[in-house]
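In the text below, chain A, chain B and the rest are named by the order of the sequence lines, each starting its count at 1.
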Amino acid sequence: MLIWGLRACAAVAGSVVLLIVLFLVTESLPVLGHMGWSRFLTDASWHPAGDAAEGTFNLTPIVVGTLATTAGSVMIVVPLGLISAVFCCYYAPPVLARCYRRLIELLAGIPSVVYGFWGLVVLVPLVRRFEPPGPSLLAGVLILTVMILPTIALTAEAAMMNVPRAYLHGAAALGLSKRATLWGVVIPAAKSGVLTGVILGIGRAIGETMAILMVCGNIVQVPTSVFDPVRTLTANIALEMAYAMGDHRSALFVSGLVLMGLIMVLVIVAETISKRESHG
Amino acid sequence: MVEAVLPAGWLDNSYRSVCPVWLDRCVTLCVWGVAAAVTAVFVCIVGDLVWHGIGQVSWSFIVDLPRDAGRAGGIGPMIVSTGLILTVCLAVSVPVGLGTAVLLAEFSSDHRLFGVLVRRSLDVLAGVPSIVFGLFGSAFFCVYLRMGYSILAGGLTLACMVLPILIRSVEAGIRSVPEEYRLGAAALGLTRGRAVWHLLLPAASPGVIVGLVLGIGRAIAETAALIFTSGYVTRMPESLLDSGRSLSIHIYDLSMNVAGGDANAYATALVLMVCLLVINWVASVVADGCLCRRLIRV
């Protein structure tokens with residue numbers, strides 16, 4: 001009796017993902033059926049309409065927007081996150097380390113819409129002062145950097161805490177300096193944990209909606225400089241879902257399906273890495 | 001083990017670079033600099049919110065209806081809607097989450113394949129972007145189950161979203177309960193069901209609390225998944241089938257769509273942050289209290 005109840009709970013929990021995929025697929029089938037994948041790449045522009053024959057559905061600039069914001073922020077945040085973790089584990093006195101960890105956790109708890117709002121009223125005017133128009137790829141990258149920093153810093157720190165004490169003792173016995181110990185011993189030993197954190201961070205950056213929507217300007221174009229406004233896949237869904245009909249709505253579900261696919265690939269990669277660690 | 005993790009020759013490399021003291025100093029400086037910069041950004045964000053928001057927040061702001069598209073008036077209906085959405089979300093996700101966590105932690109050896117499948121799908125679910133939850137919620141709850149834009153649909157969408165967080169920490173909590181407890185319960189002749197209810201769950205209360213706090217935090221902070229499920233309406237909700245605007249959507253709408261709404265957006269953001277802090281605190285106190293008492297009674 002009990003076991004059946006528990007099994008039912010687990011079945012419900014486990015089937016949510018299937019339901020999500022099922023609904024994304026069924027909703028995107030109409031447009032994939034009579035239009036195919038190719039038009040999302042070859043059409044002249046993104047001017048969707050309820051009828052596939054009238055609209056144009058080129059998702060390329062939007063995908064480029066997503067990739068650009070993600071890549072930019074990950075490139076900045078990986079060193080910052082690593083250094084933050086190193087600070088917590090090896091440089092800060094214990095009290096300071098505890099405060100700093102608490103601060104990072106609080107940073108992780110700030111809602112994304114609040115980040116977006118702060119970006120809109122503080123960061124965007126700041127960028128505008130350097131180079132108009134203000135809402136831009138750069139603003140998006142910066143706000144994403146602050147948002148994923150906690151993910152990467154906390155996982156990297158956990159990985160560094162798991163480095164066996166014996167390695168550190170060995171390094172100390174060899175007379176290595178703190179920097180040499182970090183570079184030669186700690187970081188290689190914590191590599192796979194750090195990598196898992198980075199992948200989680202990438203997933204978060206790809207999926208982030210509100211903050212990006214509020215600071216990126218949302219113009220459909222391939223950016224030529226970091227000061228150009230861009231639109232990402234997630235922002236595109238959030239902006240157009242409210243009034244989308246017919247094939248347009250379907251097209252938005254297709255972009256949801258693409259996002260879902262990306263996330264699945266990332267999860268599998270992360271799992272492979274952590275599995276290799278536990279076997280190695 | 002060592003060979004597998006460390007690249008060949010790491011020792012020689014480190015030795016060669018032992019000498020320069022200035023490099024060590026630079027690294028130290030750089031590490032402290034980054035920590036200071038991160039702290040500065042945090043202080044800047046929170047300080048900015050408090051500085052601009054504190055002036056607007058008053059009792060009447062919290063209970064009043066919004067006027068003039070939110071530029072004036074208060075956020076009473078948004079607070080009620082947020083509370084209702086959260087209640088629906090927890091009412092669904094907590095039982096399902098606890099059940100699943102218990103199954104995965106205690107009984108998964110009996111159902112190996114099933115457990116692996118469930119865990120794999122929860123891993124994916126944890127990474128699904130919130131906007132995809134929004135798409136799913138609007139297609140499944142709003143259209144397919146005909147709930148329309150409603151608090152119920154929003155709460156159920158959020159329940160799907162917090163499930164993996166909840167399950168993961170409760171499961172970790174249950175797994176960390178010492179094996180002696182289970183043996184002791186078995187020796188006393190408790191059935192497995194009673195052992196779970198009276199012993200394991202109370203003993204796992206830190207994990208349960210962490211899960212609750214993280215789940216509530218995620219649910220309150222959520223915006224993208226709610227736009228197309230619980231809707232935009234600023235009226236006071238009368239039932240769970242009414243559309244209701246959450247605090248987070250209010251912030252978004254005020255700052256993006258309403259010119260001159262920044263002052264109230266600041267105040268709403270401040271209220272949202274304070275709510276997050278207070279709920280975390282209350283959840284931990286309450287859960288701590290009642291679970292510990294049950295443990296003692298046993």
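For a residue to count as touching a neighbouring chain, one of its non-hydrogen atoms must lie under 4.5 Å from one of that chain's; by this rule B:Y266 touches chain A with backbone and side chain alike. Residue contact with chain A, scored on non-hydrogen atoms closer than 4.5 Å, involves the side chain of B:L272 exclusively. Contact of A:L96 with chain B is made through the side chain alone, with heavy-atom distances under 4.5 Å. Only the side chain of A:I263 comes within contact range of chain B, with at least one heavy atom under 4.5 Å from a heavy atom of that chain. With a 4.5 angstrom heavy-atom cutoff, B:L49 touches chain A only via side-chain atoms. At a 4.5 Å heavy-atom cutoff, the contact between B:P95 and chain A is made by backbone atoms alone. Within the 4.5 angstrom heavy-atom criterion, no atom of B:L117 approaches chain A. With a 4.5 angstrom heavy-atom cutoff, B:V143 touches chain A only via side-chain atoms. Interface residue B:L135: backbone and side-chain heavy atoms are both found under 4.5 Å from chain A. Residue A:L24 touches chain B through its side chain alone, counting heavy-atom pairs closer than 4.5 Å. Of the atoms belonging to B:I249, not a single heavy atom falls under 4.5 Å from chain A. Heavy atoms closer than 4.5 Å to chain B are found in the side chain of A:Y100, but not in its backbone. Using a 4.5 Å cut-off between heavy atoms, A:A235 makes no contact with chain B at all. Only the side chain of B:L276 comes within less than 4.5 Å of a heavy atom in chain A; its backbone stays farther off. Contacts between A:R249 and chain B at a heavy-atom distance below 4.5 Å involve the side chain alone, from C-beta outward. In this structure, chain A has heavy atoms under 4.5 Å from both the backbone and the side chain of B:T28. Heavy atoms of A:L80 lying under 4.5 Å from chain B belong to its backbone as well as its side chain.
The candidate from B:C160, B:C30, B:A221 with the greatest count of non-hydrogen atom pairs under 4.5 Å with chain A is B:A221. Most heavy-atom pairs under 4.5 Å with chain A, from the set B:D48, B:V118, B:V41: that is B:D48. Your options are A:L200, A:I20, A:L82, A:V12, and the one with the most heavy-atom pairs under 4.5 Å with chain B is A:I20.
Checked against B:S121 for a side chain to side chain contact (heavy atoms under 4.5 Å, CB included), the options A:V21, A:L18, A:V17 give a single hit: A:V17.
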message = For a side-chain contact (heavy atoms from CB on, under 4.5 Å) check, start with the C-alpha distance between A:V146 and B:F42, then their side-chain angles and the critical distance, and finish with the verdict.
response = CA-CA 9 Å; A:V146 184; B:F42 176 76; over 6 Å; no
key: Trace of the side-chain contact (heavy atoms from CB on, under 4.5 Å) decision for B:D24 with A:K178   = CA-CA 8 Å; B:D24 279 341; A:K178 199 182 255 182; over 6 Å; no
request  = Carefully, step by step, assess B:V38 and A:L107 under the rule side-chain contact (heavy atoms from CB on, under 4.5 Å).
outcome  = CA-CA 10 Å; B:V38 171; A:L107 215 51; 4.2 Å; yes
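The shortest heavy-atom contact between A:I237 and B:F228 is O-CZ, 3.9 Å. Taking both residues in full, the closest heavy atoms of A:I83 and B:V31 are given as CG2-CA, 3.6 Å, listed atom of the first, atom of the second, then distance. Counting all heavy atoms, side chain and backbone alike, A:L120 lies closest to B:S255 at CD2-O, 3.6 Å.
Between the CG atom in A:L6 and the CG atom in B:L103 there is a gap of 5.5 Å [rounded to 0.5 Å]. A:M210 CE to B:E222 CD: the interatomic distance, rounded to the nearest 0.5 Å, is 8.5 Å. To the nearest 0.5 Å, atoms OG (A:S177) and CZ (B:R25) are separated by 12.0 Å.
Considering only heavy atoms from C-beta on, B:V27 stays 4.5 Å or farther from A:W183 through its side chain. Two residues are said to be in side-chain contact when any heavy atoms from C-beta on lie closer than 4.5 Å; A:E208 and B:P129 fail this criterion.
Remark: aromatic rings of B:W32 and A:F87 are close, center separation under 6.0 Å. Ring centroids of B:Y252 and A:F117 are separated by 6.0 Å or more, keeping the two rings apart.
Panel note: side chain B:T100, backbone A:A13; no donor-acceptor pair is recorded below 3.5 Å.
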